[in-house]
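Everything below concerns the one structure shown next.
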2 protein chains.
Amino acid sequence: MSYTYEFPRPSVTTDILVFSIRDGVLQVLLIERKLDPFKGAWAIPGGFVQMDEDLATGALRELEEETGLSGIPIRQLGAYGAPDRDPRGRVITVAFLALVPSDDLQARGGSDAEDARWFPVDDLPPLAFDHAQILADGRAELARDVTASIHDSALVAFDFLPETFTLSQAQQVFETLRGEEMDKRNFRKWLTNEWAIEDTGEKSTGGRHRPAALFRLERD
Amino acid sequence: MSYTYEFPRPSVTTDILVFSIRDGVLQVLLIERKLDPFKGAWAIPGGFVQMDEDLATGALRELEEETGLSGIPIRQLGAYGAPDRDPRGRVITVAFLALVPSDDLQARGGSDAEDARWFPVDDLPPLAFDHAQILADGRAELARDVTASIHDSALVAFDFLPETFTLSQAQQVFETLRGEEMDKRNFRKWLTNEWAIEDTGEKSTGGRHRPAALFRLERD
DNA sequence: TCAAAAGTGTTGTACCTACACCCATGC
DNA sequence: GCATGGGTGTAGGTACAACACTTTTGA
């Protein structure tokens with residue numbers, strides 16, 4: 001089966017930047033390309049959009065095919081369409097952004113991916129296409145979202161924490177997502193203002209030092 | 001000449017939302033469609049992207065073809081790709097946003113446009129495709145940009161003013177762009193803090209009332 | 001007793017909002 | 001003299017950044 005058109009058409013792909021915190025650092029999910037171009041190189045998961053699916057749906061489908069990860073909330077980052085960004089010809093991609101708790105998933109290879117792996121954002125392999133640019137843009141957008149407490153986006157931050165957590169644990173998570181450190185007292189003020197945080201009355205145990213109070217997010 | 005592909009491909013278009021201030025109100029440039037679908041309806045200018053041009057370049061080319069307007073700074077708004085957004089089949093569009101001084105141009109019809117006209121954003125005709133949604137998104141984005149004084153975007157605001165202007169004139173322009181009124185004294189404080197505004201020592205003339213001091217933007 | 005993390009307040013600055021009256025001019 | 005728009009200052013609230021010492025515990 002083939003498809004004929006009166007005018008040439010670009011291909012359209014979607015890519016999803018999936019961020020998570022693993023081992024205390026911000027990481028991004030990448031796939032090793034099974035096929036040329038850039039065979040063997042690492043890339044943002046994604047692929048060609050199908051004719052009957054929404055862009056976001058296509059992005060999620062490709063993500064699941066390539067990494068096994070599914071059903072996560074995403075938001076659009078933007079379209080990338082420089083004429084020479086793909087050596088196969090004209091390929092325009094629409095990039096999406098996601099933040100997921102990493103215990104949800106066991107990344108694995110799939111249809112078009114030799115392998116899927118998490119990489120710390122500060123220790124990336126060379127990337128295929130213009131994916132380094134897309135990743136940098138997504139990283140900046142993520143920090144903006146979390147800083148601005150866009151709640152639907154930033155709620156995910158609490159998925160990186162256990163049900164009850166210490167303020168230090170929370171600070172670690174937010175600092176990792178925002179990519180910068182903050183003052184302890186200021187963070188605590190910010191957190192308790194911005195979010196409904198409740199003191200459980202419990203104390204952490206097993207630490208090598210002074211036990212810390214345990215808090216819980218009041219979800220409505 | 002025709003083009004054959006192994007897999008079906010969507011079409012890709014670009015659209016540019018061009019905003020301006022005319023007659024003291026925020027207006028948007030629309031074209032009347034010459035062809036089906038939606039023949040005779042109004043739409044955001046735009047069209048099919050060519051194989052060798054960047055998305056932004058294509059958007060500007062289409063804009064010039066359809067309206068005669070060229071060489072304006074644009075920024076990307078996002079991609080719209082619902083499968084049923086175009087009755088002709090799968091068409092994905094990448095929308096751009098621009099703000100231009102309206103005296104630059106005389107909008108006119110062109111290749112694919114019967115007519116090009118400015119419409120006040122609060123008095124729009126029914127729009128083709130999902131263009132009402134795109135326009136609403138662009139309107140919100142414009143207000144955000146101007147409020148946040150993203151200077152490269154907001155600098156254009158001063159193009160709506162004469163070389164020397166009164167503070168009231170400036171307030172009119174910013175209120176129109178932001179879509180809301182503000183207190184006179186607060187506006188003046190904001191303006192002089194946020195921008196390098198210089199008192200020329202001159203006074204406006206010809207007004208029916210008390211002459212106003214004339215200011216100038218110090219451009220670097 | 002020491003190392004390590006927990007915990008805790010104040011101050012200055014900047015910014016935003018709300019708000020009311022007098023002034024200069026043309027008609 | 002009156003209508004119209006020009007022009008001005010203050011006070012309260014909120015948010016953010018900077019900053020240092022004491023407490024509790026395990027080892």
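Each chain gets a letter, A, B and so on, in the order the sequences are listed, and its residues count up from 1. Below, each value reflects all heavy atoms present in this structure, side chains not excepted, and no hydrogens, waters or symmetry copies.
- With sequence neighbours excluded, no residue forms a salt bridge (charged side-chain N to carboxylate O under 4.0 Å, His left out) with B:Asp137.
- Atom CD of A:Gln171 is separated from atom P of C:dT8 by 14 Å (rounded to the nearest Å).
- If you run side-chain hydrogen bond (donor to acceptor under 3.5 Å, both in side chains) between A:Thr93 and each of A:Asp86, A:Asp130, A:Asp15, A:Thr14, only A:Asp15 comes through.
- Ring to ring, A:Phe158 and A:Phe215 are not that close: their centroids are 6.0 angstrom or more apart.
- Both B:Phe215 and A:Asn193 lie near DNA chain D, and the one whose nearest nucleotide falls closer to the 5' end is B:Phe215.
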Using the side chain to side chain contact (heavy atoms under 4.5 Å, CB included) rule, take B:Arg85 and B:Val91 through it: C-alpha gap first, then chi angles, then the decisive distance, then the call.
-> CA-CA 7 Å; B:Arg85 62 176 291 282; B:Val91 181; 4.0 Å; yes
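- Here D:dC16 presents its P atom at 13 Å from CZ of A:Phe187, a figure rounded to the nearest Å.
- What separates CD of A:Gln169 from C1' of C:dA4 is a distance of 16 Å, to the nearest Å.
- Residue A:Gln76 qualifies as enclosed at atom CD: its count of foreign heavy atoms under 6.0 Å is above 12.
- Within 4.0 Å (heavy atoms only), A:Ser168 reaches sugar-phosphate atoms of the nucleic acid but no base atom.
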Give the B/S/- string for nucleotides 18-27 of chain D, one per nucleotide from 5' to 3', where a protein heavy atom under 4.0 Å of the base yields B, of only the sugar-phosphate yields S, and otherwise -.
-> BBB--BBBS-
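- Rounded to a whole Å, the CZ atom of B:Arg188 is 16 Å from the C1' atom of C:dC19.
- Residues A:Leu191 and A:Phe187 are in side-chain contact: their nearest non-hydrogen atoms beyond the backbone lie under 4.5 Å apart.
- The distance from atom CD of B:Glu180 to atom C1' of C:dT17 is 13 Å, rounded to the nearest whole Å.
- In this structure, B:Trp190 places its CH2 atom 13 Å from P of C:dC15, rounding to the nearest Å.
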